[in-house]
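Contents: one structure, followed by commentary.
Hydrogens, waters and symmetry mates are skipped; everything else that's a heavy atom, side chains included, is used. Keep in mind it's a predicted model, so treat the numbers as computed, not measured. Numbered from 1 within each chain, the chains take letters A, B, ... in sequence-line order.
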There are 2 protein chains.
Amino acid sequence: MRISTKGRYSVTAMLDLAIHDKAGPVTLADISQCQGISLSYLEQLFARLRKSGLVKGVRGPGGGYRLARPAAEINIAEIICSVDETMDVTRCKGEGNCQNGEKCLTHELWATLSNRLHEFLSGITLAQFVERPGIPELSMQRDKMIGRFLLAKKQAAAINRGVFKNTTDIAGNDLHNLKSN
Amino acid sequence: MRISTKGRYSVTAMLDLAIHDKAGPVTLADISQCQGISLSYLEQLFARLRKSGLVKGVRGPGGGYRLARPAAEINIAEIICSVDETMDVTRCKGEGNCQNGEKCLTHELWATLSNRLHEFLSGITLAQFVERPGIPELSMQRDKMIGRFLLAKKQAAAINRGVFKNTTDIAGNDLHNLKSN
DNA sequence: CAATTCCTGACTAAACTAGTAGGTTAATAA
DNA sequence: TTATTAACCTACTAGTTTAGTCAGGAATTG
């Protein structure tokens with residue numbers, strides 16, 4: 001496991017998705033502007049997130065990205081691993097021949113530490129962050145302030161088209177069961 | 001906080017130091033050979049560890065590196081931070097102006113996660129790993145197997161010179177109070 | 001004295017980061 | 001139907017970091 005800016009960008013973007021998940025897809029252009037990350041770079045990161053089955057893209061106007069699973073079922077370790085391909089844990093590459101055909105001790109110790117770190121990050125879900133008290137209100141307030149009108153517009157349009165009639169999208173997770181690309 | 005191979009190398013090397021601390025200084029050449037890390041690269045890493053006050057060097061024949069403090073007082077986060085200079089946590093660099101003069105939400109969330117990670121790694125000491133059952137025995141056994149005779153020789157020589165008479169070096173931590181470079 | 005080992009600085013190939021550029025494809029709105 | 005939107009894809013790139021080499025100097029020991 002390795003944690004760099006790449007992983008941080010991805011976690012940040014995924015949190016953004018999780019916060020706005022109920023309002024429909026979030027465009028990369030939106031995230032790019034809000035978080036100060038270049039659009040093309042975001043596209044590269046999201047290509048990996050998509051391949052890992054963490055997000056799904058919705059094309060066309062009103063499209064964007066949304067979580068492929070409920071926020072409660074996505075943990076931080078997954079996100080980081082999908083963009084920062086795990087670095088080789090040991091020098092001997094599993095062969096374990098660094099000490100006369102046996103694994104040397106420190107490798108084993110490091111592997112243990114590495115596992116513990118992974119377990120720790122696996123235990124933290126996106127939902128845990130989004131559901132902290134005050135976050136939804138703050139989020140909505142700030143989106144209005146900065147000009148994320150797109151989401152509001154999209155949501156209104158969707159309601160007009162009757163999109164929300166047959167799903168519980170606005171309230172939660174049912175949409176996650178729909179088929180994707 | 002960022003975790004890369006650099007940090008892994010350092011943690012691995014520090015664990016090696018901790019394991020052999022009772023037998024006296026460990027040479028970088030030793031670690032280099034055992035862990036498969038180039039000597040000069042190790043020297044660069046140890047320059048930082050030394051500046052951070054985590055290790056101290058002992059020059060001359062029979063010299064090497066040893067922990068500057070007892071293994072129980074050195075945690076993993078310190079080691080990683082001393083070689084992998086902490087990356088900037090947020091885009092707005094503490095100015096918090098990324099959303100109309102306010103910190104944007106995800107930055108705050110990421111900062112929280114980052115802190116939790118740091119706390120987690122701070123809570124793990126070198127001693128916790130070294131003192132796991134069976135480690136000292138395994139360590140000694142393997143050192144003999146692979147040809148870490150240097151340590152044995154050094155230790156014998158030290159005993160002959162009476163080095164261990166006035167300290168509890170062979171048993172523990174008293175040597176840590178001696179002055180260094 | 002010679003050998004050992006830390007210590008320092010300059011240099012470098014390869015990899016990674018963070019982006020740019022220039023498209024194509026699918027869905028929606030006019 | 002046509003224009004627009006936004007995902008999706010590929011190739012390229014300046015700058016940084018990684019992981020290392022090389023060449024020497026300084027302290028300590030035998």
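A:D84 and A:S4 form a side-chain donor-acceptor contact under 3.5 Å, judged by distance and modelled atom types alone.
The side chain of B:R2 contributes no N or O atom lying less than 4.0 Å from OP1 or OP2 of D:dT16. For B:T5 and D:dA19, the shortest distance from a side-chain N or O to OP1 or OP2 is below 4.0 Å. Proximity of A:R50 to the phosphate of D:dA7: no side-chain N or O atom is located under 4.0 Å from OP1 or OP2. Not one side-chain nitrogen or oxygen of A:R59 sits closer than 4.0 Å to the OP1 or OP2 atom of C:dT28. Dashed line: the shortest gap from a side-chain N or O of B:T27 to OP1 or OP2 of C:dT4 is not under 4.0 Å. A close approach under 4.0 Å does not occur between any side-chain nitrogen or oxygen of A:S4 and OP1 or OP2 of C:dC16. The phosphate of D:dC8 has OP1 or OP2 within less than 4.0 Å of a side-chain N or O from A:Y65.
Looking at DNA chain C, the stems built from 3 or more consecutive Watson-Crick or G-U wobble pairs, each pair with its key distances under 3.5 Å, are C:1-30 with D:1-30.
The residue among B:V83 and A:K51 whose nearest nucleotide of DNA chain D lies closer to the 5′ end is A:K51.
Following rounding to the nearest Å, A:L39 (CG) and D:dC8 (P) show an atom-to-atom distance of 12 Å. Put simply, OH on B:Y9 is 9 Å from C1' on D:dT18, counting in whole angstrom units. Atom CD of B:Q35 is separated from atom P of D:dA19 by 15 Å (rounded to the nearest Å). A straight line from CD of B:Q44 to C1' of D:dT18 spans 10 Å, rounded to a whole angstrom. The separation between B:Y41 atom OH and C:dA10 atom P is 19 Å, rounded to whole Å.
Side-chain atoms of A:S32 never come within 3.5 Å of backbone atoms of A:L28 as a donor-acceptor pair (strictly under, hydrogens ignored).
Between B:M14 and B:I74 there is a side-chain heavy-atom pair separated by less than 4.5 Å. Under the 4.5 Å side-chain criterion, counting only non-hydrogen atoms from C-beta, A:K56 is not in contact with A:R69. The closest side-chain heavy-atom distance from B:T12 to B:I31 is not below 4.5 Å.
Looking at heavy-atom distances under 4.0 Å, B:F46 makes no contact with the nucleic acid at all. Among the protein residues, B:L28 comes within range of the sugar-phosphate backbone only, with heavy atoms under 4.0 Å from sugar or phosphate atoms but none that close to a base.
Aromatic ring orientation, A:Y65 versus A:F46: tilted (interplanar angle from 30° to 60°).
Across D:dT21, D:dT5, C:dA21, the shortest atom-to-atom separation from the side chain of B:S40 is found for D:dT21.
Between the SG atom of A:C81 and the CG atom of A:N75 there is a distance of 8.5 Å, given to the nearest 0.5 Å.
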